[in-house]
Asker: 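Got a structure for you, questions after.
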Amino acid sequence: MKLALLCSGYPPDFDAIGQYTRHLGSALAGQGASVTIFTAGAAWFEDGPLQVRGVFDLGKPHPFRALPSAMAEAGAEWLVLQYNPFSYGRRGYAPGLAPALAGLRVALMAHETYVPFWPPQCALMRLWQVPQFTRLCRLARRVFVSTGRWSPAVARTPGAPEPILLPVGSNIPLCPIGREEARQRLGLAPDAWVAGIFGNRHPSRLLGWAGAAARGVEGTQVLYVGRDGDAASAACEGAPFRDEGPLPDDEVALRLRAMDCLLSPFSDGISTRRSSALAGLRQGLPLVTTRAGWSDALLVENPLVFSSPVGEGEAAFVATARATREAARRGLPAFDFEASPFAWPRIAQTLLAAL
């Protein structure tokens, strides 16, 4: 099968969905598909088995006009659109996107749908983001969602295909060494309880709760990896804190391997679109997180995921962190990440089976 994957950014540019697209494309190629990546700018290079082509320019009056001819040139049977409303236009306004896709065999991968009602500036952006997403759902022959939370928005769109859950995978590779060796390399005490925080500051990330858990579990040392060390340090004030900063993927994997758990509380709960949390699971880390009504059962029911309801507040999260440490002392259940729905080969198989 010949596929084209459309994304707005691609490595070496920093773009989370671009990283996702690279991993997905490589996994699809591993399943025998021929994959071309369409992205912004003037890119024209090979990335392993992937052909990367710059086919649109948001600075032009008709930025997506070249998509049909690019599809024909690549001989692609499907265009898999990696969609976030802000990827293809200022404040999510991309009136030329859907018309350029008309007549193509499109599969829509919804990483997000559109902004919520609040705050007021978001409500204003819904005026164009909602109809734009609705139009894309209607023209797509398949619609994938990164979390079940987005399924209702697709299901209530007349003429849209039934949504298919396609979890994100880990953008961080598996560390090839064990926990003890990882700690030796980093100079961490072998008997310390190392709670990790991984990822950058985001409105949904409850850094204050992570800090409370670090202070509330006796003997905890925090190891932070990301670009917002100052904010994480302030949230964890009073607990031993080590800021590793932003690092290459293999160095991130080393630090995840050295941790005992990953503190990942979110204001909207855990879901299958949280790549930072999945990076921890890939290393076999227990995940201390939160859940809400739309949290995905694939994670809530995972044996390495320990969660408290968002509505029960910070104290419940701290109690969950304590329970996680006690569970680790007794011995955690085994979890085969590579056989799970979060492994890239499984994600690629799910997508190909639907196409």
Side-chain angles (χ1 to χ4, degrees), residues 1-13 15 17-84 87-89 94-111 132-133 135-146 159-164 166 168-169 171 343-355:
M1 182 179 291
K2 291 186 176 182
L3 304 175
L5 275 57
L6 178 64
C7 59
S8 62
Y10 192 81
D13 295 335
D15 186 282
I17 293 179
Q19 287 277 10
Y20 170 96
T21 305
R22 184 186 197 187
H23 285 283
L24 177 61
S26 297
L28 290 167
Q31 299 291 325
S34 174
V35 182
T36 302
I37 306 295
F38 292 157
T39 190
W44 192 271
F45 61 92
E46 293 183 2
D47 183 12
L50 311 177
Q51 305 293 317
V52 182
R53 303 290 182 258
V55 300
F56 67 93
D57 184 346
L58 296 179
K60 293 184 177 180
H62 303 285
F64 308 106
R65 179 179 288 174
L67 275 175
S69 60
M71 283 286 288
E73 183 179 342
E77 302 165 61
W78 285 89
L79 177 68
V80 184
L81 170 62
Q82 305 296 320
Y83 185 75
N84 173 300
S87 293
Y88 301 102
L97 181 59
L101 300 178
L104 302 179
R105 186 182 288 180
V106 175
L108 173 65
M109 172 57 187
H111 293 269
Q132 179 172 283
F133 182 75
R135 188 172 183 183
L136 289 171
C137 285
R138 285 175 173 168
L139 68 81
R141 301 192 189 186
R142 303 287 187 276
V143 177
F144 300 95
V145 290
S146 62
E162 183 177 350
I164 301 167
L166 193 70
V168 304
N171 292 341
W344 286 112
R346 292 286 301 275
I347 293 170
Q349 290 167 10
T350 300
L351 188 147
L352 289 171
L355 300 183

Asker: What distance do Leu166 atom CG and Leu351 atom CG have between them, rounded to the nearest 0.5 Å?
Answerer: 5.5 Å
Asker: Determine, step by step, whether Ser8 and Asp15 satisfy the side chain to side chain contact (heavy atoms under 4.5 Å, CB included) criterion, reporting the C-alpha distance in whole Å, the side-chain angles of both residues, the deciding distance to 0.1 Å, and the verdict.
Answerer: CA-CA 8 Å; Ser8 62; Asp15 186 282; 3.9 Å; yes
Asker: Once you round to the nearest 0.5 Å, how far does CE of Met71 lie from NZ of Lys2?
Answerer: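 If I round to the nearest 0.5 Å, the distance is 11.5 Å.
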Asker: Which donor-acceptor pairs under 3.5 Å do the side chains of residues 28-41 make with protein atoms, sequence neighbours left out?
Answerer:
unit_1: Thr39; atom_1: OG1; unit_2: Cys7; atom_2: O; d: 3.1

Asker: Which pairs of donor and acceptor atoms, one on a side chain in residues 52-61, lie under 3.5 Å apart (sequence neighbours left out)?
Answerer:
unit_1: Arg53; atom_1: NH1; unit_2: Phe45; atom_2: O; d: 3.4
unit_1: Arg53; atom_1: NH2; unit_2: Gln51; atom_2: OE1; d: 2.9
unit_1: Asp57; atom_1: OD1; unit_2: Gly59; atom_2: N; d: 2.9

Asker: Quick one, Phe64 with Leu6, criterion side chain to side chain contact (heavy atoms under 4.5 Å, CB included). Give me CA distance, side-chain angles, the key distance, then yes/no.
Answerer: CA-CA 11 Å; Phe64 308 106; Leu6 178 64; 5.6 Å; no
Asker: Do the side chains of Leu50 and Tyr10 get nearer than 4.5 Å, heavy atoms only?
Answerer: yes
Asker: Looking at His23, is its backbone amide N or carbonyl O close enough to the side chain of Ser26 to form a donor-acceptor pair, meaning the two atoms are under 3.5 Å apart?
Answerer: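 A pair under 3.5 Å: no.
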Asker: Write down the atom of Phe133, the atom of Ala110, and the distance for their closest heavy-atom approach.
Answerer: CE1-CB, 3.9 Å
Asker: Test of understanding: with ring-ring contact (aromatic ring centres under 6.0 Å, His included), list the residues that count as partners of Tyr20, not counting sequence neighbours.
Answerer: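 If we apply the ring-ring contact (aromatic ring centres under 6.0 Å, His included) test to Tyr20, skipping adjacent residues, the hits are His111, Trp344.
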Asker: Nearest 0.5 angstrom please: Met1 CE to Leu352 CG, how far?
Answerer: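 It is 6.0 Å, given to the nearest 0.5 Å.
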Asker: For Ile164 and Ala354, work out which heavy atoms get closest and say how close.
Answerer: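 Scanning both residues completely, I find the closest heavy atoms to be CD1-CB, 3.7 Å.
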Asker: Search all heavy atoms of Gln132 against all heavy atoms of Pro95 and return the closest pair with its distance.
Answerer: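 Looks like OE1-N, 4.1 Å.
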Asker: Can you check whether Pro11 reaches Gln19 side chain to side chain, under 4.5 Å on heavy atoms?
Answerer: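 Pro11 vs Gln19: side chains touch.
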Asker: To the closest 0.5 Å, what do you measure between CG (Leu79) and CG (Leu104)?
Answerer: 6.5 Å
Asker: Give me the atom names and distance for the closest heavy-atom approach of Cys137 to Val143.
Answerer: O-CG2, 4.2 Å
Asker: How many angstroms lie between CD in Gln82 and CE in Met109, if you round to the nearest 0.5 Å?
Answerer: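 Here the interatomic distance stands at 6.5 Å.
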Asker: Could you tell me the separation between the CZ atom of Arg138 and the CG atom of Leu108, rounded to the nearest 0.5 Å?
Answerer: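 Here the interatomic distance stands at 13.5 Å.
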